[in-house]
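This structure is a prediction, so every number in the text was calculated from the model and none was measured. Sequence lines set the chain letters: A, B, ... in the order given, protein chains first and strands last, and positions in each chain run from 1. Note that these values count all heavy atoms, side chains included, but never hydrogens, waters or copies made by symmetry.
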2 protein chains.
Amino acid sequence: MENRVERIKKQLHSASYKLTPQREATVRVLLENEEDHLSAEDVYLLVKEKSPEIGLATVYRTLELLTELKIVDKINFGDGVSRYDLRKEGAAHFHHHLVCIECGAVSEILEDLLKDVEQKVEQDWNFEIKYHRLIFHGICENCKENEKIIDEE
Amino acid sequence: MENRVERIKKQLHSASYKLTPQREATVRVLLENEEDHLSAEDVYLLVKEKSPEIGLATVYRTLELLTELKIVDKINFGDGVSRYDLRKEGAAHFHHHLVCIECGAVSEILEDLLKDVEQKVEQDWNFEIKYHRLIFHGICENCKENEKIIDEE
DNA sequence: CTGAGTGCAAAAGGTTTGCAAAACT
DNA sequence: AGTTTTGCAAACCTTTTGCACTCAG
């Protein structure tokens with residue numbers, strides 16, 4: 001945890017930005033809720049619990065900055081809000097997501113499933129891929145279970 | 001063209017909606033600009049050329065309706081606007097997109113590249129996939145050409 | 001002192017909604 | 001008549017921006 005904050009601090013410094021208290025609070029919220037795909041508002045509310053004087057605009061500015069430095073990825077699941085996702089250490093490729101259309105749960109696939117597909121696209125379409133977004137929408141394990149139970153009643 | 005309008009008319013009717021003149025004008029714009037990934041505003045302006053009395057809200061409502069009926073897909077390339085894409089006839093799976101980060105051009109991959117990947121995800125994560133979104137961001141053929149020319153100067 | 005960073009409030013931009021009028025059945 | 005659809009304007013929500021203030025070097 002601490003060393004991840006340290007690492008981000010260095011990343012900011014090497015781009016001549018400072019890790020201000022507000023930025024640090026924001027980063028910590030992201031680290032503490034790594035699994036949660038928080039929206040800017042979510043982050044704001046969480047940061048506010050510990051640093052009530054922070055402003056929403058600052059959170060937005062920090063998230064934008066972190067996105068620029070590729071410390072977080074800005075994602076969109078189609079619900080009209082941007083969400084922010086910490087990059088895994090040293091991950092060359094953005095991970096994939098499974099979004100449950102029943103309960104809204106989001107889980108992650110860290111494994112890169114697209115090696116072969118990317119190679120094909122680069123060749124066949126003569127397109128140089130920089131990054132990709134892959135989101136599966138469907139029904140998660142839990143909701144499948146629940147449906148079974150309902151059916152049996 | 002005409003038969004595609006007819007088909008959509010039937011789809012609406014079977015869900016007890018009417019193909020009003022405004023809806024038809026909207027559908028025609030989508031058909032005429034099938035390659036273009038239009039935003040609601042884009043559609044509105046194009047519809048307005050032929051039916052100046054139409055309102056923006058009607059276009060939004062029509063696009064929402066068409067999305068519900070799965071006649072179009074609502075997509076988001078991360079530029080803060082929703083775009084609408086006619087489904088290909090009988091396409092079981094939503095097609096993939098290549099978005100150029102230089103010039104913004106969007107092209108489509110109709111071929112389904114994810115058969116194997118989906119099978120793996122369904123098995124390994126016990127997740128029932130309903131649909132997916134796959135977007136590659138990178139540099140398109142043209143922009144790669146242009147870069148070469150610039151380098152050579 | 002100077003520039004970077006902040007908080008607040010206002011503005012912006014895309015989308016949705018309330019409502020009365022219009023269209024259709 | 002009754003239901004659906006429409007156009008307009010207002011409301012809404014997320015995100016961005018302007019500006020004066022603060023803080024660190």
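Toward the 5' end of DNA chain C, the nearer of the two residues B/Ser82 and A/Ile54, judged by each one's closest nucleotide, is A/Ile54. DNA chain C is contacted by both A/Tyr44 and B/Pro21; A/Tyr44 maps to the nucleotide lying nearer its 5′ end (nearest heavy atom per residue).
At whole-Å resolution of the value, CG in B/Asp42 and C1' in C/dT15 are 15 Å apart. One interatomic measurement links the two molecules: CG of A/Leu63 to P of C/dT6, which rounds to 12 Å at whole-angstrom precision. For the pair B/Glu68 CD and C/dT16 P, the interatomic distance rounds to 11 Å; values are reported in whole Å. B/Leu45 has its CG atom 15 Å from the P atom of C/dG13, to the nearest Å. Taking atom CG on B/Asn76 and atom C1' on C/dT15, their separation rounds to 13 Å, with Å as the unit. In this structure, the CG atom of A/Leu19 is 15 Å from the C1' atom of C/dT6, given to the nearest Å.
Running 5' to 3' along DNA chain D, contacts with non-hydrogen atoms of chain B at under 4.0 Å begin and end at D/dT4 to D/dC8.
To the nearest 0.5 angstrom, A/Leu69 atom CG is 10.0 Å from A/Ile8 atom CD1.
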Protein-nucleotides 3-5 of chain C N/O pairs under 3.5 Å:
from  : atom 1 : to      : atom 2 : distance (Å)
C/dG5 : OP1    : A/Lys18 : N      : 3.2
C/dG5 : OP1    : A/Arg23 : NH1    : 2.9

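Scanning all heavy atoms of the two residues, the minimum distance from A/Trp125 to B/Glu141 falls at O-OE1, 4.0 Å. Contact record, A/Lys74 with A/Ser82: CE-OG, 3.4 Å, taken as the closest heavy-atom pair. Annotation for A/Ile139 and B/Lys130: closest pair CD1-CE, 3.7 Å, computed over non-hydrogen atoms. For the pair B/Ile109 and B/His95, the tightest heavy-atom approach, listed with the atom from each and the gap, is O-CB, 3.2 Å.
Salt bridge present: A/Glu2 and A/Arg28 bring a charged side-chain N and a carboxylate O closer than 4.0 Å.
Using the six-membered ring where Trp is involved, B/Phe77 and B/His97 have ring planes that are perpendicular, over 60° apart on the 30 and 60° scheme.
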Quiz item: Under the side-chain contact (heavy atoms from CB on, under 4.5 Å) criterion, do A/Val29 and A/Leu38 qualify, and how do the steps go?
Solution: CA-CA 10 Å; A/Val29 162; A/Leu38 303 173; 4.0 Å; yes
Exercise. Check the pair A/Val121 / B/His96 against side-chain contact (heavy atoms from CB on, under 4.5 Å), numbers first and verdict last.
Key: CA-CA 11 Å; A/Val121 171; B/His96 319 305; over 6 Å; no
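At the heavy-atom level, B/Glu53 lies under 4.0 Å from the strands shown only through sugar-phosphate atoms.
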